[in-house]
Amino acid sequence: MADTTITEEKKSEVSHEEHHEELSFLRKYIFSTDHKMIGIQYTITGGLFLFFGFGLMMLMRWSLAYPDQPLPILGFLVGNNGIMTPDTYNTFGAMHGTIMVFMGVVPLAFGAFGNFVLPLQIGAVDMAFPKINAFSYWCLFVGGVIMLASFFLPEGAAKSGWTSYAPLADIDIGLGQTFWLVGMIFLITSSLMGSINFIVTAIQLRAPGMTYMRLPFFVWTQLVTAVLLLLAFPPLEAAGLLQLMDRVAGTSFFLPTGLVISGEVADISGGGSPLLWQHLFWFLAHPEVYVLILPAMGIVTEVITNNARKPVFGYKLMVYSLIFLGFMSFSVWAHHMFMTGMGTTLNAFFQTTTMIISVPSVIILSCLFLTLWGGSIRFNTPMLFALGFLPMFGIGGLTGLPLGLSASDIHLHDTLYVIGHFHYVVAPGTLFGLFAGIYYWFPKVSGRLMNETLGKLHFWGTLIFMNLVFFPMLIQGMAGINRRLHDGGASYADATAIIDPGFYSHAANYLYLNKWMSMSAWALGLVQIIFLVNLLWSIKKGKKVGRNPWNATTVEWAAPSPPGHGNFESAVEVYNGPYEYSVPGAAKDFSPQFEKGAST
Amino acid sequence: MSTIEIPYVSKPRPDTGLVNAKLGIWLFLASEVMLFGGLFSAYVLLRIGAEIWPEGVSILNVPLATLNTVVLISSSITMVMAWASLVRRDINKYRFYNYITIACGLIFLVVKYFEYSAKLHHGLFPSESTFLAIYFTLTGLHVLHVIGGMLVLAYLQFIGSKMWNTDPARFTGRVECAGLFWHLVDLVWIFLFPTLYLM
Ligand code: HEM
Ligand SMILES: [Cu+2]
């Protein structure tokens, strides 16, 4: 075994911090190549985008609850005397989705946490390619600037949904959609470079003794996420290039022959296929949804096993499930396309693969629940968020099953039920995971703890209001209210406005929920102020802690808080599995990976 | 600028047998395969769905494309020779072969330029038909890759080769990675040529 060799020379290596030369402000904070600083850059950028996307949504919720009424105070933001037009609603909706997914959650879950934590957890000095790492961040930045700039175009930003379905997106007037495509190409490049970096780092820079089966589950989730990004994003890039050609060079990749636009046959060569876009898009975007959830699962695993003071249940089973899930996620994409008339054979195929892919997620979730069994649980803020994740992700996953069966999807497709489904996975799911991670690793980043009272307030507020926002969506969706309606379905109740009065009346009884959901969404926004205050206050005033405040076992806790340039004072060696908590006969209830003989 | 040293930049890690850059370039190539794979599947889907699909021969210039195929394959060979010269520690030979590789890339671009301008001259724009659209998109993206590869090779020829004096193993590794990329660009063309011109 590798753990019999102690290298005294390595211990005596001079600490990196001591002869650490002073870097200029620009080098240290702006064009840094240090993975920790880049991680923080990702955190700030991703966090700001997340709040911006949330802001768009809060404005949209006004239009849903009070359609065609002027927005008080903030009316100048939506123009048109504060009355949100359907066009503006579409713009906000498309950009809300794009910003949340590609510029908020991915940079946070992958860029920020992966960058800061992954090298530390494997005992590495930095990422394998520090300069490419900085390049990835700056690609995200440029992509983000392009997306934001598109709001100021005369015709406004993209408005064809975050899915940019053709032919709508192809023929949208103005430059908004073109900006969206160019911005996406930057965001994709950023993720591609990042994923190469992560994979190489996790494989090549593991400390001595850090075998694959000793990798913390978080590292595994990042590794699988990186593979998904690496292989799934290029087809979307291809699709983006084709759509760009359609818009700029006048080609017809996604435009069918005889397309009629505003009552006139379009002057195009035709021969293209709108479905081609959907295939290419979902080939990315289904793996993408796992990109959104897997890092959160990794964070939650770290937090739960640490605070249950027990080894995670079925570590190997979790790792194999994860890898299987990664593979499978490339073969389910067309469950988003049951209603396109693909035919029953394809539907049957994709509904089968969809049922199969639910199994590994359920295994991982069960393992996390079983980890709690018989543990002496510490209910601190990170743990509360991690525990909240479990049932919330559970609801998200379970509501996915009726969507995955084509017979029931016929009724649910394109309704608010779908919105409820994936928001349960991404909002109280992934976001809870990210919050857990922020509270958990904040001491490593800053050397201070975040405030517990404020943290708990933040947790309970968030939990309650998230559910009040998203659960009614499932009900409204089952009542048949469509998604992407700027009036939240009010026209359903308007018996005079539709050809067949009463046809939609079944949905009218559920429209009153819109006001409640909007109020809850705004309350949810207010609760986040507690988090911001806590974050800013704790950076300066939080309780100071040492390197291992949670008595954790993984390697990042061997480094000083915050770690200096080069991370560890002396080279790390790994002697144990990742989660050796409460080992019988050991001196303390945790046996760190980096302490020799700790588990005996 | 940074005081820390990343391990395995020039010496392979014993248990994986790889240097970082080598693994990195293979991963990059995997993503490139997915990129062109996506475009090729778009081609297949469009062609299956089309009522009429012109024969490449009737629109495109096969002799010029054949010439370009020969040029690119030759450049792949000189690329290998360049790397092999470095392994034998002969930097001058490397410089010589690398020049030829870059020159081949240049010839390819010039030929492509004549092909494109002839098409545009006859009013054969990408917006004319789905066939021309996919032809211009696929070959255009490929041309961008050729240009990118040439930039890397030129960098290694002039500025990058200073590293030969300080860290020859790492420099050889870089040339190998550039070579792998160049072979991929070559390979993509070998698929493009029959698909677009002959089928
Ligand atoms: C665990 C099992 C899951 C199943 C069986 C499942 C199934 C489905 C199906 C069939 C749809 C398409 C519904 C329709 O458009 O009619 C869908 C939509 C969606 N799912 Fe899931 N899902 C699962 C988990 C997840 C996870 C983990 C995430 C993300 C973190 C996610 C995110 C989404 C998103 C974003 C959409 C909507 C995309 C759109 O149309 O805008 N799902 N899901
Ligand atoms: Cu999906």
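Each chain gets a letter, A, B and so on, in the order its sequence line appears, and its residues count up from 1.
- Between A:Thr251 and B:Leu132, every side-chain heavy-atom pair lies at or beyond the 4.5 Å cut-off.
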So A:Val125 and B:Glu5, side-chain contact (heavy atoms from CB on, under 4.5 Å) or not? Walk me through it.
-> CA-CA 8 Å; A:Val125 290; B:Glu5 249 181 58; over 6 Å; no
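- Proximity of B:Phe28 to A:Met193: side-chain heavy atoms (C-beta onward) are separated by under 4.5 Å at one or more points.
- Closest non-hydrogen pair, B:Ser127 versus A:Ala249, comes out as CB-O, 3.5 Å.
- In this structure, the portion of A:Leu192 lying under 4.5 Å from any heavy atom of chain B is its side chain and not its backbone.
- Contact annotation: the side chain of B:Asp15 approaches that of A:Arg206 to within less than 4.5 Å [non-hydrogen atoms, C-beta and beyond].
- Atom-to-atom distance recorded for B:Met34:CE and A:Leu236:CG is 11.5 Å, nearest 0.5 angstrom.
- Residues B:Pro126 and A:Met245 form a side-chain contact, since some pair of their non-hydrogen atoms from C-beta on lies under 4.5 Å apart.
- Surrounding NZ of B:Lys93 are at most 12 heavy atoms belonging to other residues, nucleotides or ligands under 6.0 Å away.
- Contact record, A:Gln204 with B:Thr16: OE1-OG1, 2.6 Å, taken as the closest heavy-atom pair.
- In terms of heavy atoms, A:Ser269 sits closest to B:Glu128 at CB-O, 3.2 Å.
- At a heavy-atom cut-off of under 4.5 Å, chain B is reached by A:Gly272, A:Ser273, A:Leu276 from residues 272-279 of chain A, listed in order of number.
- For A:Phe129, the part lying near chain B is the side chain, with the backbone staying farther off; criterion is any non-hydrogen pair under 4.5 Å.
- Counting heavy atoms from C-beta on, the side chains of A:Leu231 and B:Ser31 never come closer than 4.5 Å.
- Pairing each heavy atom of A:Ala238 with each of B:Leu35, the nearest pair is N-CD1, 3.7 Å.
- Note: A:Leu242 leads A:Thr257, A:Leu242, A:Leu241 in heavy-atom pairs under 4.5 Å with chain B.
- At a threshold of 4.5 Å between non-hydrogen side-chain atoms, the residues A:Leu205 and B:Asn20 count as touching.
- Side-chain contact between A:Phe253 and B:Ile134 is present, with at least one heavy-atom pair separated by less than 4.5 Å.
- Using a 4.5 Å cut-off between heavy atoms, A:Leu280 contacts chain B through its side chain alone, with no backbone atom that close.
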